[in-house]
Every structure is written in C-alpha cells, then in structure tokens.
Amino acid sequence: KRDTDQSRFEENQVRFEENLAKLLQLAIYAAHFLGALGKHLSARQRATTHIDTSFPLTPPRDFKVLLPNSPVGSVTSAQFKDGQLRVFRGIALGRSLLRDWHSIFSIDDIAPAHLMVTSATSYSGLSEQSYPFHVQLPPTLLIQPPVDKQQAVAHHSEFFYCPVLDEKTKPIFVSGRQGEKRYSSVAKMALGLCHSEIGSQSLFDQFQSYLENTVGIDRKNLLIVTNSYAESKAFYVALRPPFKEKASYVVADGQWATEEQVARSKLTEFPRQDRELLIAPMGAISRAVNLMHPSTGEPFFGGIAIAVRQHPSPDDHQAIVSAVGKEVLDMMGRSSVTDIQRRARTVQNVFLSIPQIFSKLPESHVSNANISMKLPLVWTLAVNLTQLIGRSTRGGRKSVIWFLDAAFMPETANGNPSGDMPNNSVLLAVRKLLGNAINKGDHSAQIIETLYGPIYHPLTRLKHFIHGAKL
C-alpha cells in the first residue's frame with residue numbers, strides 16, 4: 001500500500017538524495033580510476049603475467065612521514081591472473097631517503113649520518129644516468145679492489161657472442177618475442193644447446209670444455225641466465241639428457257616442490273647439490289648472492305651463459321616510476337610544487353607513449369621535453385651486466401661470458417656483422433657508452449673505469465665463439 005504520509009515521504013526523499021549523492025561520488029571515482037587504468041593498459045598492450053614485476057608497492061608506515069608523495073599521484077595498475085585481481089601502487093619517492101639520509105635523523109640531538117656506503121653500481125656517470133640505479137649524490141670516496149685482482153677480472157675475462165641455432169639452422173631470437181612464442185624460443189634455445197651432430201660436441205659440452213681448459217675443472221660449472229622464473233622453468237623442461245640430470249632451476253620462495261628446483265633464499269646451498277648447471281632469472285641471481293665452491297673457496301661458476309637479452313619488458317612499470325622520481329628529485333626544494341608536478345606529468349606521459357624497445361628509442365632527447373630515454377637504458381643494462389659478472393669473479397677470478405640470444409647482435413646473427421651498430425645492438429651500445437665515459441679523462445672517468453672496467457675491457461675483445469671473429 002502506498003505511503004501517503006508527507007513527512008515520511010520528505011524524510012525518504014532526503015535519504016534518497018543522500019544515497020544518490022554517495023552513488024554519484026562513487027561513480028565519479030570509479031570512472032576516474034577506470035579511465036586512468038584504461039589509459040595505462042592501452043599503452044601497455046604487451047603486458048604479460050609472466051614478467052616478474054619490480055613495481056614498488058606501498059611503503060611501510062614508518063617511512064610514510066619521511067617520503068614525499070609521488071608528484072603524479074598514485075601510479076596504479078592492475079593485473080588479473082588466475083581469478084585474482086592484483087593492484088600495484090606507487091605513491092611516494094623512495095629514492096629521496098638516500099638523498100636526504102644525512103638529515104632525516106637530525107632530531108632530538110641525534111647526530112646525523114656522516115657516511116653512506118652504496119653499491120658500486122649506484123653511480124652511472126655525470127649525465128643521462130640510469131633511472132632505476134643511479135643515486136643522486138656525488139661520490140666522495142671510492143673503495144677500490146686490489147690492483148692485481150681488478151686487472152685479472154678486467155683483462156683476462158672473456159666475452160663471446162654465440163647465437164644458438166634451431167633445427168632449421170636459423171638463429172634463435174628470444175628478446176622481442178611475447179607470450180607463447182617467447183617460451184617456445186626459450187625451449188628451442190635449450191634444445192639447441194643440447195644438440196650435437198655425429199662426431200661433434202654440443203654447445204654445452206663445448207662451453208664446459210672451454211672452462212676446463214681456461215679456468216680449471218673445478219670451475220666448469222655454468223650459470224644460465226633468463227629474464228623470469230617462467231623462462232627458467234621453460235628452459236629446464238626443454239633440456240635433454242644428460243644435461244637435464246646436471247641442472248637445477250631457481251623458483252621464487254614458497255614455490256619449491258621438487259629436487260631439481262632451488263628456492264631463491266636457498267641459492268647459496270646449490271654448490272653442495274652435485275649439479276653443474278643452474279638456470280636463474282637475472283633478478284634472482286645478479287645481486288647479493290655469492291656461490292662459492294665448497295672445497296676450494298673459488299667462485300662456483302667459471303662461466304655464465306646469458307640466454308635472454310637483458311632488456312626490460314616494453315611495459316615495465318619501473319621505467320615510469322624511476323624516470324619520474326629521478327627527474328623531479330633535484331627540483332625539490334628549488335622549484336614550486338606546480339612546476340614539479342608539471343615536469344613529473346611530462347615525464348610520465350613521454351614514457352607512457354614510448355615503449356621501452358631499445359632499437360626504437362630516440363637517440364637524442366625527446367623533442368620539447370628534454371628527456372633522455374636511450375642512454376639511461378644503456379646505463380641500466382651496463383649495471384645489470386656488471387652485477388651479473390660478479391657472480392663468477394669473486395676474489396679477482398677470471399670469468400667467461402657467452403651471449404646466446406641472437407637479439408644481442410641481430411645483424412651478425414643473420415650473417416651481416418657490419419650491420420650491427422650501437423643503435424641496434426645493446427652490447428655495442430654498452431661498449432661505446434663506457435668507452436666514451438672512460439676516455440673523457442674527467443674526474444668521473446676513474447670511477448667508471450674502476451666500477452665498469454670488468455665488463456668494458458672484455459667487451460672491447462668481444463669475439464664470435466664459433467667463428468673466432470672479433471666483433
């Protein structure tokens with residue numbers, strides 16, 4: 001029966017209007033969120049759930065008061081996988097902690113920090129530095145290794161380009177492939193390394209024989225590097241006897257299930273497992289992991305085979321967050337909030353509109369924005385390679401590196417070595433960048449020589465493993 005009580009009707013109407021206002025507000029928020037997310041995803045068509053995210057999450061509450069808010073607001077993205085929605089948020093400038101470390105404890109008569117010691121790869125020159133790695137404080141002290149050990153690594157280590165061929169004798173490209181095609185290429189590479197013709201050795205056997213003859217039988221063990229846990233598993237699954245029985249692959253903590261797997265937190269136990277091959281993603285193995293031979297104390301791995309070109313996914317969130325943070329940090333305290341936000345949004349929009357694809361990045365600054373994209377990426381790749389080689393050079397020991405992905409030098413892989421230049425080969429780009437930085441002779445040159453000499457000098461001697469030609 002219809003209620004004809006006017007006062008009750010007016011009360012219901014007020015309540016209705018209040019509820020309607022709340023629903024309208026919710027709709028506006030939802031539209032804003034979905035619009036921003038739609039813009040993000042439309043620029044991220046290459047997104048894949050198998051890429052290990054390095055996107056920063058919400059900082060701990062204890063740090064919240066110390067960190068400036070992100071000048072572009074919350075950088076949010078979502079991933080729907082296995083029936084679950086995962087949301088990633090970047091809400092603050094974490095790198096400001098390092099820049100302001102000397103002052104953040106200057107309260108209650110507590111003496112401020114007088115010295116901050118950082119990783120060697122926290123420095124990448126004077127300009128156009130690595131967005132994710134460079135610490136925006138000028139170094140005042142360089143801790144150098146003994147000269148003899150530094151020289152042993154830089155001048156005796158060997159780098160080889162060795163593109164692996166498939167069953168049709170075509171070079172295998174992994175980097176640049178997406179989805180199932182990428183994992184298929186990873187599997188083909190594993191098969192190619194195991195394959196041997198009658199009367200000849202497989203590439204795996206050739207690599208280990210070379211290590212026995214050049215670094216010793218105790219260090220013939222091989223580290224095989226991919227870009228993700230999923231790629232490491234795909235590589236292992238495709239291996240053939242006898243190499244499969246010699247191998248293990250790294251999984252994330254909490255995912256360990258079988259004896260051929262090694263949990264990331266248990267990596268240092270691998271040398272005692274009586275296996276010679278370890279397959280691991282770059283992010284799990286490149287830093288803070290020292291694998292030493294249990295009997296000799298020498299680095300367990302004499303060689304490293306990089307199966308996938310170390311290159312961020314074109315849709316990697318880290319590039320946006322790191323670029324925004326680095327570009328605006330030096331403006332803080334010197335520019336207005338409006339100018340900082342304007343610059344931050346310009347950087348964000350540029351990185352959203354230009355995917356991180358090495359060969360297609362602009363060689364110079366992006367016009368009208370004064371933003372460098374290619375050289376910072378090259379610096380980042382140099383940092384990754386420097387961190388990686390450290391897994392087999394502890395104590396000043398020689399290492400041998402094989403670059404297996406044809407994408408490292410695409411023209412050389414297709415029989416045209418003169419076609420590879422720094423603009424399309426990451427190896428040649430890193431070599432040119434470090435050479436220019438070292439040969440400038442300024443105060444930065446000695447730092448670059450010390451930090452990156454272990455990869456620069458072997459790159460100047462880069463050879464084709466099969467042909468022996470200097471590249």
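From a predicted model like this one, the values you see are computed outputs, not experimental measurements.
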Check Glu158 with Lys463, please: is the shortest side-chain N to carboxylate O separation under 4.0 Å? no
Glu180 backbone acceptor or donor facing Ser184 side chain under 3.5 Å: no
Audit row: Lys326, Gln129, side-chain hydrogen bond (donor to acceptor under 3.5 Å, both in side chains) steps and yes/no: CA-CA 9 Å; Lys326 184 175 181 301; Gln129 303 105 333; 2.8 Å; yes
Does Asn349 use its side chain to pair, donor to acceptor, with the backbone of Arg345 at less than 3.5 Å? yes
Would a distance-only check, ignoring hydrogens and angles, find a side-chain to backbone donor-acceptor pair under 3.5 Å from Tyr161 to Ala406? yes
Min side-chain heavy-atom separation His293-Arg219 under 4.5 Å: no
I'd like to know whether CD1 of Ile143 has more than 12 heavy-atom contacts from other residues, nucleotides or ligands below 6.0 angstrom. no
Carefully, step by step, assess Leu267 and Val262 under the rule side-chain contact (heavy atoms from CB on, under 4.5 Å). CA-CA 6 Å; Leu267 273 169; Val262 180; 4.1 Å; yes
Can you check whether Ser359's main-chain N or O pairs, donor with acceptor, with Asn424's side chain at less than 3.5 Å? no
I'd like to know whether Tyr249 forms a side-chain hydrogen bond (donor to acceptor under 3.5 Å, both in side chains) with Gln261, so could you lay out the CA-CA distance, the side-chain angles of the two residues, the decisive distance to 0.1 Å, and finally the verdict. CA-CA 5 Å; Tyr249 66 98; Gln261 297 174 338; 2.7 Å; yes
As a test of understanding, state which of Tyr210, Phe408, Phe403 forms a ring pair (Phe, Tyr, Trp, His ring centres under 6.0 Å) with Phe160. Tyr210
Counting only heavy atoms from other residues, nucleotides and ligands, does the tally under 6.0 Å from NZ of Lys470 exceed 12? yes
Any donor-acceptor pair under 3.5 Å linking the side chain of His311 with the backbone of Ser175? no
Out of curiosity, Met292 CE to Arg397 CZ, how far, rounded to the nearest 0.5 Å? 8.0 Å
Do Thr226 and Ile306 come close enough that some side-chain heavy atom pair is under 4.5 Å? no
Polar side chain donor-acceptor pair, Glu128 to His134, under 3.5 angstrom: no
Roughly how far apart are Ile447 CD1 and Ser124 OG, rounded to 0.5 Å? 11.5 Å
So, for Thr380 and Ser130, which heavy atoms are closest and what is the spacing to 0.1 Å? OG1-OG, 2.8 Å
Please assess Thr412 against Asp420 for the test side-chain hydrogen bond (donor to acceptor under 3.5 Å, both in side chains), listing each intermediate value before the final yes or no. CA-CA 7 Å; Thr412 300; Asp420 279 320; 2.5 Å; yes
Under the 3.5 angstrom rule, does the side chain of Arg264 hit a backbone N or O of Asp253 as a donor-acceptor pair? no
Atom of Phe173, atom of Pro410 and distance for their closest heavy-atom approach: CE2-CB, 3.8 Å
Working for side-chain contact (heavy atoms from CB on, under 4.5 Å), residues Leu471 and Leu428: CA-CA 9 Å; Leu471 300 174; Leu428 299 186; 5.8 Å; no
Please lay out, stage by stage, how Gln310 and Leu385 fare under the test side-chain contact (heavy atoms from CB on, under 4.5 Å). CA-CA 8 Å; Gln310 302 308 305; Leu385 186 55; over 6 Å; no
Note, Lys233 side chain near Val186 side chain (heavy atom, < 4.5 Å): no
Supply the atom-to-atom distance Leu404 CG to Ile224 CD1, rounded to the nearest 0.5 angstrom. 8.5 Å
Counting C-beta onward and ignoring hydrogens, is there a side-chain heavy-atom pair between Lys360 and Ile354 closer than 4.5 Å? no
Quick check against the 3.5 Å criterion: does Lys374 have a side-chain atom that pairs as donor or acceptor with the backbone of Asn423? yes
Could you go through the side-chain contact (heavy atoms from CB on, under 4.5 Å) check for Thr386 and Leu451 one step at a time? CA-CA 8 Å; Thr386 300; Leu451 303 184; 6.0 Å; no
Between the main-chain N or O of Val350 and the side-chain N or O of Ser353, is there a donor-acceptor pair closer than 3.5 Å? yes
Is the shortest side-chain heavy-atom distance between Leu375 and Leu433 below 4.5 Å? yes
Distance (rounded to the nearest 0.5 Å) between Ile448 CD1 and Asn436 CG: 11.5 Å
So, Ser372 versus His365: side-chain donor-acceptor pair below 3.5 Å or not? no
Roughly how far apart are Cys162 SG and Ile401 CD1, rounded to 0.5 Å? 13.5 Å
In the structure I gave you, are the side-chain heavy atoms of Ser392 and Phe300 within less than 4.5 Å of one another anywhere? no
Residue pair Tyr123, Phe133: steps toward the ring pair (Phe, Tyr, Trp, His ring centres under 6.0 Å) verdict: CA-CA 7 Å; Tyr123 180 79; Phe133 288 111; over 10 Å; no
Within the side chain of Ser185, is there an N or O that forms a donor-acceptor pair under 3.5 Å with the backbone of Lys181? yes
Could you tell me whether the side chain of Ser157 and the main chain of Ser399 form a donor-acceptor pair under 3.5 Å? yes
Counting C-beta onward and ignoring hydrogens, is there a side-chain heavy-atom pair between Pro71 and Val324 closer than 4.5 Å? yes
Are Arg309 and Asn227 close enough, and set up right, to give a side-chain hydrogen bond (donor to acceptor under 3.5 Å, both in side chains), and what steps lead you there? CA-CA 8 Å; Arg309 183 181 63 165; Asn227 264 9; over 6 Å; no
Take a 6.0 Å sphere around CD of Gln136 and say whether it holds more than 12 heavy atoms from other residues, nucleotides or ligands. yes
Go through Phe207 and Trp402 one step at a time and tell me if the ring pair (Phe, Tyr, Trp, His ring centres under 6.0 Å) criterion holds. CA-CA 9 Å; Phe207 292 169; Trp402 288 273; 4.3 Å; yes
Using a 4.5 Å cut-off on heavy atoms from C-beta on, say whether the side chain of Arg431 contacts that of Leu462. yes
Gap between atom CE of Met331 and atom CD1 of Ile340 - 0.5 Å precision: 5.5 Å
